[in-house]
Asker: 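I'd like to ask you about the structure that follows.
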Amino acid sequence: MPAMHVGICRFTLLISQSHSLKEKRRVLRRVRDKAKALGVTIAEVGAQDTWQRAELAFAVVAGERDRVDTLVAGVVRHCAGLDGAQLVTARREVLAFGDDWYASAADITAAWDDKAAGEGGDLSWVPSAWLSEEEP
C-alpha cells in the first residue's frame, strides 16, 4: 500500500556569541538560507525574544520513510554546522498516511457545488467571475 510520510522536526540552537536580536537574526538568516538551498523552509516557533537561543521547526514530505529520515537528518546537520550556531536539542517524528487515510477524505467539490447552486450559505463575498462558468 503506497503511503505518504511526513517528517516533523523541532530543534533548538544556541547562539552564544549573540548580544542582540539583530545578531541573532543574522545567524538565523544563514540557517534559513542553508535550509532553503536544501528545499526546506524553516520557521522560528519559539524564543523569539531571546538573544542567544532559537527554537526552529520544519516539515518534509516524501513517499518513503528512509527518504524522510535522510532529509530531516541532513537539514539538522547542515543548520547545526553553521558558525555561530550550536545544536542543543532536536526532536523529530515521522508520520505515515496510507491510502486508507485518504479514502475517508470528504469530497469538498460537492459541497462547493451545493453552495454555488444556492442551497446553503451566503456567497456574496465570492467574486462573480469565480461563480461564472466563463473564463475571464
Side-chain angles (χ1 to χ4, degrees):
M1 163 178 15
M4 171 183 68
H5 293 84
V6 179
I8 303 166
C9 182
R10 182 172 179 161
F11 61 102
T12 302
L13 294 178
L14 180 64
I15 308 167
S16 60
Q17 299 301 316
S18 175
H19 300 294
S20 69
L21 290 176
K22 186 175 183 178
E23 290 177 8
K24 175 185 173 181
R25 283 192 300 268
R26 188 176 305 127
V27 172
L28 292 183
R29 188 175 310 116
R30 288 196 321 259
V31 169
R32 285 189 182 109
D33 290 347
K34 187 66 168 178
K36 191 173 186 178
L38 298 170
V40 174
T41 300
I42 291 182
E44 188 173 7
V45 296
Q48 282 97 345
D49 294 335
T50 62
W51 298 353
Q52 296 183 332
R53 190 183 70 200
E55 294 180 17
L56 306 167
F58 65 93
V60 296
V61 178
E64 300 84 28
R65 183 182 181 92
D66 291 343
R67 177 72 177 141
V68 168
D69 285 334
T70 301
L71 286 169
V72 170
V75 170
V76 172
R77 184 176 54 253
H78 280 77
C79 293
L82 290 173
D83 287 338
Q86 176 186 354
L87 181 65
V88 178
T89 61
R91 178 173 179 185
R92 63 181 173 190
E93 190 169 336
V94 177
L95 306 171
F97 299 94
D99 287 339
D100 56 337
W101 174 82
Y102 186 70
S104 64
D107 182 7
I108 63 169
T109 57
W112 176 257
D113 290 343
D114 289 346
K115 285 185 179 181
E119 292 181 12
D122 178 24
L123 294 179
S124 60
W125 61 272
V126 178
S128 59
W130 291 6
L131 297 174
S132 70
E133 296 291 326
E134 300 173 13
E135 292 289 323

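Only heavy atoms go into these numbers, but all of them, side chains included; no hydrogens, no water, no symmetry mates.
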Asker: Mind checking the NE2-CG spacing from H78 to D33? Nearest 0.5 Å is all I need.
Answerer: 14.0 Å
Asker: What residues, two or more places apart in sequence or in another chain, satisfy side chain to side chain donor-acceptor pair (under 3.5 Å) together with R10?
Answerer: E55
Asker: Rounded to the nearest 0.5 Å, how far does CG of L87 lie from OG1 of T12?
Answerer: 8.0 Å
Asker: Spell out, yes or no, whether W51 and L13 are grouped together once hydrophobic residues are joined by side-chain heavy atoms under 4.5 Å, including indirect joins.
Answerer: no
Asker: What's the spacing between R53 CZ and S18 OG if we round to 0.5 Å?
Answerer: 12.5 Å
Asker: Hey, quick one: are L95 and M4 part of the same hydrophobic cluster, counting side-chain heavy atoms closer than 4.5 Å, chains of contacts allowed?
Answerer: yes
Asker: State yes or no: do V61 and I8 share one hydrophobic cluster built from I, L, V, M, F, W and Y residues joined by side-chain heavy-atom distances below 4.5 Å, directly or via other members?
Answerer: yes
Asker: Measuring from K36:NZ to I42:CD1, what's the distance to the nearest 0.5 Å?
Answerer: 12.0 Å
Asker: Using the rule that two of Ile, Leu, Val, Met, Phe, Trp, Tyr join whenever any of their side-chain heavy atoms come within less than 4.5 Å, decide whether L38 and L71 are in one cluster.
Answerer: yes
Asker: Please name all residues satisfying salt bridge (charged side-chain N to carboxylate O under 4.0 Å, His left out) with R91, sequence neighbours left out, ordered by chain then number.
Answerer: E93
Asker: Counting C-beta onward and ignoring hydrogens, is there a side-chain heavy-atom pair between D69 and H5 closer than 4.5 Å?
Answerer: no
Asker: What about L14 and L56, same hydrophobic cluster or not, with Ile/Leu/Val/Met/Phe/Trp/Tyr joined at side-chain heavy-atom distances under 4.5 Å?
Answerer: no
